[in-house]
Amino acid sequence: MLKEMVLLFLIVFAGTGGELCVTRAMKKIGEVKDFRPASLVQTIFRVLGVGWMWLGVGTNGARFFLATRMLSLESVSFVVPVTALNYVAGALGGKFFLGNA
């Protein structure tokens with residue numbers, strides 16, 4: 001039971017952390033207003049240069065593998081509702097980490 005609780009905490013932490021990091025990276029880049037191919041390629045290279053994006057992709061990847069491991073231990077009907085805590089953590093993270101009101 002302790003293993004499952006630790007995995008659930010890590011899933012919520014990694015999932016929410018990943019989304020917050022990607023959001024911070026996209027706020028740093030700004031809105032895409034020019035959709036010409038050359039401008040899109042330039043924007044992609046700017047995104048790839050932001051460390052928050054890499055941290056977010058890494059933590060989202062960790063969340064995927066943690067969730068896969070959790071699903072090998074527990075049923076989907078238990079895992080999915082419990083991981084809904086991502087919404088609560090995301091709201092709190094948005095307020096404190098991103099500075100949103």
Side-chain angles (χ1 to χ4, degrees):
M1 182 67 175
L2 180 62
K3 185 191 316 184
E4 287 86 357
M5 296 304 290
V6 170
L7 273 174
L8 286 171
F9 172 77
L10 291 174
I11 289 168
V12 171
F13 180 77
T16 303
E19 294 299 325
L20 291 171
C21 289
V22 169
T23 301
R24 180 168 269 197
M26 295 311 296
K27 283 187 170 194
K28 185 174 183 178
I29 295 300
E31 183 180 355
V32 177
K33 295 180 180 176
D34 187 1
F35 291 96
R36 291 178 295 173
S39 295
L40 289 176
V41 169
Q42 185 179 27
T43 301
I44 289 170
F45 281 115
R46 283 184 29 227
V47 167
L48 293 176
V50 177
W52 286 110
M53 181 61 73
W54 291 107
L55 186 61
V57 169
T59 53
N60 278 327
R63 185 229 184 262
F64 172 78
F65 290 109
L66 289 166
T68 302
R69 175 68 178 137
M70 185 65 190
L71 287 170
S72 73
L73 299 174
E74 294 288 339
S75 68
V76 172
S77 62
F78 173 74
V79 174
V80 172
V82 172
T83 58
L85 290 171
N86 280 334
Y87 295 111
V88 175
L92 293 173
K95 180 168 180 61
F96 296 110
F97 182 69
L98 299 174
N100 294 342

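Only this structure's heavy atoms are used, side chains among them; waters, hydrogens and symmetry mates stay out. Since this is a predicted model, take the numbers as computed values, not measurements.
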**Prompt:** Is there a path from V80 to V82 through hydrophobic residues (I, L, V, M, F, W, Y) whose side chains come within less than 4.5 Å of each other?
**Reply:** yes

**Asked** Would L92 and F97 count as a side-chain contact (heavy atoms from CB on, under 4.5 Å) if you check the C-alpha gap in whole Å, the side-chain angles of each, and the deciding distance to 0.1 Å?
**Response** CA-CA 8 Å; L92 293 173; F97 182 69; over 6 Å; no

**Item:** From K27 atom NZ to R24 atom CZ, the distance as rounded to the nearest 0.5 Å
**Value:** 9.0 Å

**Message:** I'd like to know whether CZ of F35 has more than 12 heavy-atom contacts from other residues, nucleotides or ligands below 6.0 angstrom.
**Reply:** yes

**Prompt:** In terms of hydrophobic clustering (I, L, V, M, F, W, Y; side-chain heavy atoms under 4.5 Å; direct or indirect links), are L40 and V47 co-clustered?
**Reply:** no

**Message:** Quick check: is L66 connected to V76 through a chain of hydrophobic side chains (ILVMFWY, heavy atoms under 4.5 Å apart)?
**Reply:** yes

**Message:** If I take atom CD1 from residue I11 and atom OG1 from residue T68, how far apart are they, to the nearest 0.5 angstrom?
**Reply:** 8.5 Å

**Request:** Quick one: closest heavy-atom pair of S39 and D34, and the distance?
**Result:** OG-OD2, 2.6 Å

**Prompt:** In Å, rounded to the nearest 0.5 Å, how long is the span from SG of C21 to CG of L98?
**Reply:** 9.0 Å

**Prompt:** Is there a side-chain contact between R63 and N86, using heavy atoms and a 4.5 Å cut-off?
**Reply:** yes

**Message:** Nearest 0.5 Å, please: how far is CH2 in W52 from OG1 in T23?
**Reply:** 11.5 Å

**Asked** Are V6 and M70 co-members of a hydrophobic cluster defined by side-chain heavy atoms under 4.5 Å apart?
**Response** yes

**Request:** Decide yes or no for F78 and L8: does some side-chain heavy atom of the first lie under 4.5 Å from some side-chain heavy atom of the second?
**Result:** yes

**Asked** How many angstroms lie between atom OG1 of T16 and atom CG of N60, to the nearest 0.5 angstrom?
**Response** 9.5 Å

**Message:** Do L7 and F9 land in one hydrophobic cluster if side-chain heavy atoms of ILVMFWY residues count as linked below 4.5 Å?
**Reply:** yes

**Fill in**
OG1 of T43 to NZ of K33, rounded to nearest 0.5 Å, is 12.0 Å

**Fill in**
All heavy atoms of V50 vs all of A25, minimum pair found to be CG1-CB, 3.7 Å

**Request:** Answer yes or no: does atom CD of Q42 have more than 12 heavy-atom neighbours from other residues, nucleotides or ligands under 6.0 Å?
**Result:** no

**Fill in**
Heavy-atom nearest pair, R46 first then I29, reads NH2-O, 2.7 Å

